[in-house]
Amino acid sequence: MTDLPKTFDPADIEARWYAHWERSGLFRPERPGAEPWTIVNPPPNVTGSLHIGHALDNTLQDILVRHARLQGKDALWVVGTDHAGIATQMVVERQLAERQDKRTNYSREQFVEKVWQWKAESGGAITRQLRRLGCSMDWANERFTMDEGFSKAVLKVFVDLYNQGLLYRDKRLVNWDPELKTAISDLEVESREVRGHMWHFKYPLADGETYRYVERDADGNITFEEERDYISIATTRPETMLGDGAVAVHPSDERYRPIVGKYCEIPVGPKAHRRLIPIITDDYPDPNFGSGAVKITGAHDANDYGVAQRNGIPMYRLMDEVAVMRTDGAPYAVAAARAKEIAGGAPATPAEIDALNLVPEAYRGLDRYEARKRVVADIDADGLMIRVEDKTIMQPFGDRSGVVIEPMLTDQWYVDAATLAKPAIEAVRSGAIKIVPKSWEKTFFNWMENIQPWCVSRQLWWGHRIPAWFADDGRVFVAENEAAAQALAGDGVVLTQDEDVLDTWFSSALWPFATLGWPGEPHPSPSGEGTGVGAGITPDASSARPHPNPSPEGEGLRMPAPRSGPAGGRGSNLNGRYPNDVLVSGFDILFFWDARMMMQGIHFMGDVPFRTLYLHGLVRAADGQKMSKSKGNTVDPLGLIDKYGADALRFFMAAMESQGRDIKMDERRIEGYRNFATKLWNAARFAQANGIGGSAGVAPPPATLAVNQWIIGETVATVRAIDAALADYRFDGAANAIYHFVWDRFCDWYLELIKPILIEEPQLPPGAVPNNRVDETRAVAGWVLDQILVLLHPFMPFITEELWSKLAKREQNLIVAAWPRPADVDVDEAAAREVDWVIRLVSQVRAVRAELNVPPGAPVRLIHDDIDAETQNRINRNSASFRRMARIADVEHRQGAELSEVAQVVVDGVTYFMPLKGIIDLAAERARLGKAIAAAEKERDALAGRLNNPSFVERAKPEAVDKARADHAEKAAEAERLAAALARLG
């Protein structure tokens, strides 16, 4: 046993223990034949740094994996990073720009080599930061989505999906980033409110035709009518009018029924060549929004794209890759003439339609915003502008480039997500995958049942290059390498590989099985002898796993070996590692990652990728707002670790993680959990000072004293509560169970109750009390403290490991100790009832003393009228505790006594009188309590009035309403407590 320092210093403990755990191989200890338990970490971007969301996500995972490891399972937490195509390429390009250099000065191969150099020198900072959080990951088998083995899996999946008809090339609308010059996913788009304009224009009817435009109220009465030779259109993006293919109205809109099927003219461009487009019906337009008529520009708007697809409307692309109006193709007059023919029903191929440049010469080569100004000015000059209004609009921005996204019709590669989604939907419906909280299932089904083709290509250089080769005649050959593609094409056919790379989400969708060696040999191996050869695992990373050693300064030995696993579905179950046991994920990537892992895992492995999907909420700012750099309300988790320690931050995350709710950041709570750690530290120091060390085994020592029997029962109840909470992924319930047990039951009650035994009895003359009372109490206290360290370890790994090592000389570290087994422990219910009675009596007396301002040092007496023999025995057995904990000098029986100037305490139906004459001025105390009650009730009622006012509840900020409710509850409780105190005085 090593004496603990007086001061708890998290920084010293954390650095020392993490290095020891990792160096000693304790994150994957040798456990031949043990039940495998597997979780994969959502791979952070290789460019990333630890943010507060990572801290939450990884804390929850580490709690689960440490718990499984303590249960004796062969627990594996797969770790790695994502190559982050866009983000990483941007980082390297910025470095080049700082040196007045740029990517296009290099060949593709040269630039990619520079990215690999950057990764070797600067990438992966987040993995070092995850270590600071205490994440017990299998670093010896760290993966990367572009390592050799993982890349092999990615290429195989692409080729197989293509050959199965589930992956194809198509021209569809995508989110196009003009700065990065690539398609991006919905996840990479930020919608922001911006100040803009809504322009209202006249689209003249063809051949000067007119109609009677009539508006009616809800009762069918005419409110407005006039003769019109146009249809009114409103748009926030006038430059896209040049690509209109139709005007759509709702089928039920009677205003436009006379002109449905007729043509109108796009009011921009050279008058001699202005195009005519049809007026059609579709369910998309809202008759009650704007004019009820919508221009359809399928190549530059997501909603319009759907209308165009349903109605066979041609989609004309207006811009190039940098959102500049097109300059290619035939003169406008020629293109417009052909477009008129197509509008009239002439056949045209998609390729021909895409080649048509319908941008008039006056706008060609202009930036989209400059083109907008020119278009508006020209329409206004023709007298076809109705009005312009200021309007706040939602505009999409690239989350990395910061520029406005342009919906663009481009050639991309797509996965048939609808087909792959069906087995995933059934897996959730059948319970093969359990989503926690269950409330997310409805959202999951809604998205999956309406899923769109998944665009998986990106116009970048960094990433998995698409394994497709094109012949000069346009034929495409998909194969895992060029030689295989050439074999498909035949000798003499010149092939050119697709320049695009795969979306990062495509590769990360394979994470649950490709990280484990698929499609090659399973890896990492289960604990045992030897080592598996994993895909992408270097010999240095997987050839040596040291034996655990309980000392941070210990040495390691050899590496365990693979265990063959049974086959399952279309592949093996990867040594029992697939399906993974659970996936922990933020709800915000349910569709972008979690659902896609389900689709790919079921399709390629014949089984679900994980049995349970736990979705946690977001960490928000203290006021409930979403954190963002632009708002300046982000929190640096590393700064919190520096200030309070990793254990305190981890415990905060667990205690606040309630299913279905977001977490509000509260630094005071983190500070409170730092104080909790300090309290445990001081309890351990007290234990050391009183001869209490580590326990001799997992089973509790024999106990005859009620207080010791009671704390054993409380420990068992806590183990059961934590087990049940973790089984249900109730992290808050598990954290609160151990918190209250340590703080309330162990520190505040048990240690206080045993102080007379540990401190006073050893000072009594020999033979005054049995010596085994002290020995028994030391043994029980040591056992309970050990159980606390084990139970708390998944939440607070650093302080618990430090205390474990200091309280006794151990054969093993706490990280690989044994989880308590409550089923093996008998609980003495009678002892529990007795100590609970003591606690309630002491608590009542303490409350009276506090409420009535009884001086802390003043001893008091308790007088009872009549009690049974068992209660009297309890009083006799616990008199020392009463004296020490409540300053109760004596508890006496006085039959039929008439007492005055007393306070009353009622426990289990027995009334105890506390004489206060000479201790406090009862009249003054009654007056004080009366005034305090009146003040509390006045504040309570005033707050109730505010809360009952609908105007306040509806108009005030949510945080103000929440504060008012909390204050009302506080004042109501205060008034009730004070009234009870006054009642005690009779």
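Numbers here are sequence positions counted from 1. A quick note: this is a predicted structure, and the numbers were derived from the prediction, not measured.
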Just by distance, no angles: are the side chains of Trp21 and Glu801 close enough, under 3.5 Å, to form a donor-acceptor pair? yes
Salt bridge or not for Glu671 and Arg674, using N-O below 4.0 Å? no
Do any pairs count as a salt bridge (charged side-chain N to carboxylate O under 4.0 Å, His left out) and have a residue in residues 687-704, sequence neighbours left out, and if so which ones? none
The complete set of ring-ring contact (aromatic ring centres under 6.0 Å, His included) pairs with one or both residues in residues 810-835, sequence neighbours excluded, reads His67-Trp819
Acceptor/donor pairs from residues 732-739 side chains to any protein atom, 3.5 angstrom cut, sequence neighbours excluded:
residue	atom	partner	partner atom	Å
Asp732	OD2	Ser658	OG	3.4
Asn736	ND2	Asp732	O	3.0

Under the rule for side chain to side chain contact (heavy atoms under 4.5 Å, CB included), what residues qualify as partners of Ala646, not counting sequence neighbours? Glu14, Ile641, Phe798
Sequence neighbours excluded, the answer for ring pair (Phe, Tyr, Trp, His ring centres under 6.0 Å) partners of Trp440 is Phe587
Salt bridge (charged side-chain N to carboxylate O under 4.0 Å, His left out) partners of residues 51-66, not counting sequence neighbours, each pair once: Asp62-Arg66, Asp62-Arg650
His740 and Asp744: side-chain donor and acceptor closer than 3.5 Å? yes
Please collect all salt bridge (charged side-chain N to carboxylate O under 4.0 Å, His left out) contacts where either partner lies in residues 675-688, sequence neighbours excluded, each pair once. Lys679-Asp748
Contacts under 3.5 angstrom, residues 5-13 side chains, donor-acceptor by atom type, not counting sequence neighbours:
residue	atom	partner	partner atom	Å
Asp9	OD1	Ala11	N	3.3
Asp12	OD2	Arg16	NH2	3.0

Residues 691-703 side chain polar contacts: donor-acceptor under 3.5 Å, at least two apart:
residue	atom	partner	partner atom	Å
Ser695	OG	Gly697	O	3.3
Ser695	OG	Asp786	OD2	2.7

Taking only residues two or more places apart in sequence or in another chain, which ones pass ring pair (Phe, Tyr, Trp, His ring centres under 6.0 Å) with Tyr614? Tyr729, Phe731
Taking only residues two or more places apart in sequence or in another chain, which ones pass salt bridge (Lys or Arg N to Asp or Glu O under 4.0 Å) with Glu829? none
Under 30°, 30 to 60°, or over 60°: which ring-plane class applies to Phe652 and Tyr673, parallel, tilted or perpendicular? tilted
Got a sec, which residues hit side chain to side chain contact (heavy atoms under 4.5 Å, CB included) with Asp636, two or more places apart in sequence or on another chain? Leu638
